[in-house]
Amino acid sequence: MYIIDEIMSRPCDDLRVRRRELFQAATLVHKREQDDVINSIFLIEALERDNAAANLGMFKDEFIQKIGLTPDVYYGRAVNKGQSWTAVSVFPR
């Protein structure tokens, strides 16, 4: 079940309460999403450093597909890893 389904399935007499619940849920989801992207950048950095695709006997496009990314997303995160690392180390949680 999605968060939105859970919130919307509960009876609500006051729309202001529902609006606050939706806002809090959106804040939580987007924070998690940001954390997931940062983790993905670090993982891609480690995979690239280890030349994982070749060491696992795969072509790069096959490797990218198997880890669940599109080539655009993968290469965008791989290219920006230095910038992302700087941002994360200068502004940690």
Side-chain angles (χ1 to χ4, degrees):
M1 177 178 264
Y2 294 107
I3 292 174
I4 186 72
D5 296 330
E6 182 182 324
I7 292 170
M8 299 306 278
S9 68
R10 292 193 299 258
C12 180
D13 295 331
D14 187 348
L15 291 178
R16 293 173 296 181
V17 171
R18 173 153 295 149
R19 198 172 296 125
R20 279 193 295 273
E21 289 176 340
L22 291 169
F23 177 79
Q24 289 170 344
T27 303
L28 177 66
V29 165
H30 293 112
K31 175 63 178 136
R32 284 185 195 156
E33 179 183 28
Q34 182 183 20
D35 290 344
D36 288 344
V37 169
I38 291 169
N39 282 320
S40 176
I41 290 167
F42 290 140
L43 288 167
I44 289 170
E45 178 183 10
L47 292 166
E48 284 291 303
R49 199 174 42 241
D50 190 42
N51 197 15
N55 287 321
L56 292 170
M58 294 184 221
F59 290 109
K60 189 71 121 190
D61 288 342
E62 175 189 10
F63 175 77
I64 291 168
Q65 182 182 10
K66 288 206 184 243
I67 65 171
L69 294 176
T70 64
D72 288 343
V73 171
Y74 182 89
Y75 289 119
R77 291 178 185 176
V79 167
N80 292 322
K81 69 182 177 210
Q83 296 167 352
S84 301
W85 171 252
T86 302
V88 171
S89 16
V90 173
F91 302 106
R93 294 179 193 209

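- Think of L15 as one node in a network of Ile, Leu, Val, Met, Phe, Trp and Tyr side chains linked at under 4.5 Å; it has no links at all.
- When all heavy atoms of V73 and L69 are compared, the closest pair comes out as CG1-CD2, 3.8 Å.
- Residue pairs that meet the side-chain hydrogen bond (donor to acceptor under 3.5 Å, both in side chains) test with at least one member in residues 11-23, sequence neighbours left out, are R10-E21, D14-R16.
- Here M8 is tied into one hydrophobic group with Y2, I3, I4, I7, L22, V29, each link being a pair of ILVMFWY side chains closer than 4.5 Å.
- A salt bridge links K31 with D35: the distance from a Lys NZ or Arg NE/NH1/NH2 to an Asp or Glu carboxylate oxygen falls below 4.0 Å.
- Chaining together hydrophobic side chains whose heavy atoms lie under 4.5 Å apart leaves F23 on its own.
- Among residues two or more places apart in sequence or in another chain, the side chain to side chain donor-acceptor pair (under 3.5 Å) test is passed with K60 by E48.
- Annotation: E62, atom CD; neighbour count of heavy atoms from other residues, nucleotides and ligands within 6.0 Å is above 12.
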Below 3.5 Å, can you tabulate the donor-acceptor pairs from side chains in residues 50-57 to any protein atom, sequence neighbours excluded?
from	atom 1	to	atom 2	distance (Å)
N55	ND2	D50	O	2.6
N55	ND2	N51	O	3.2

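- If you take CG on L43 and CD1 on I38, they are separated by 12.0 Å, rounding to the nearest 0.5 Å.
- Taken from CG in L47 to CZ in F63, the straight-line distance is 4.0 Å, to the nearest 0.5 Å.
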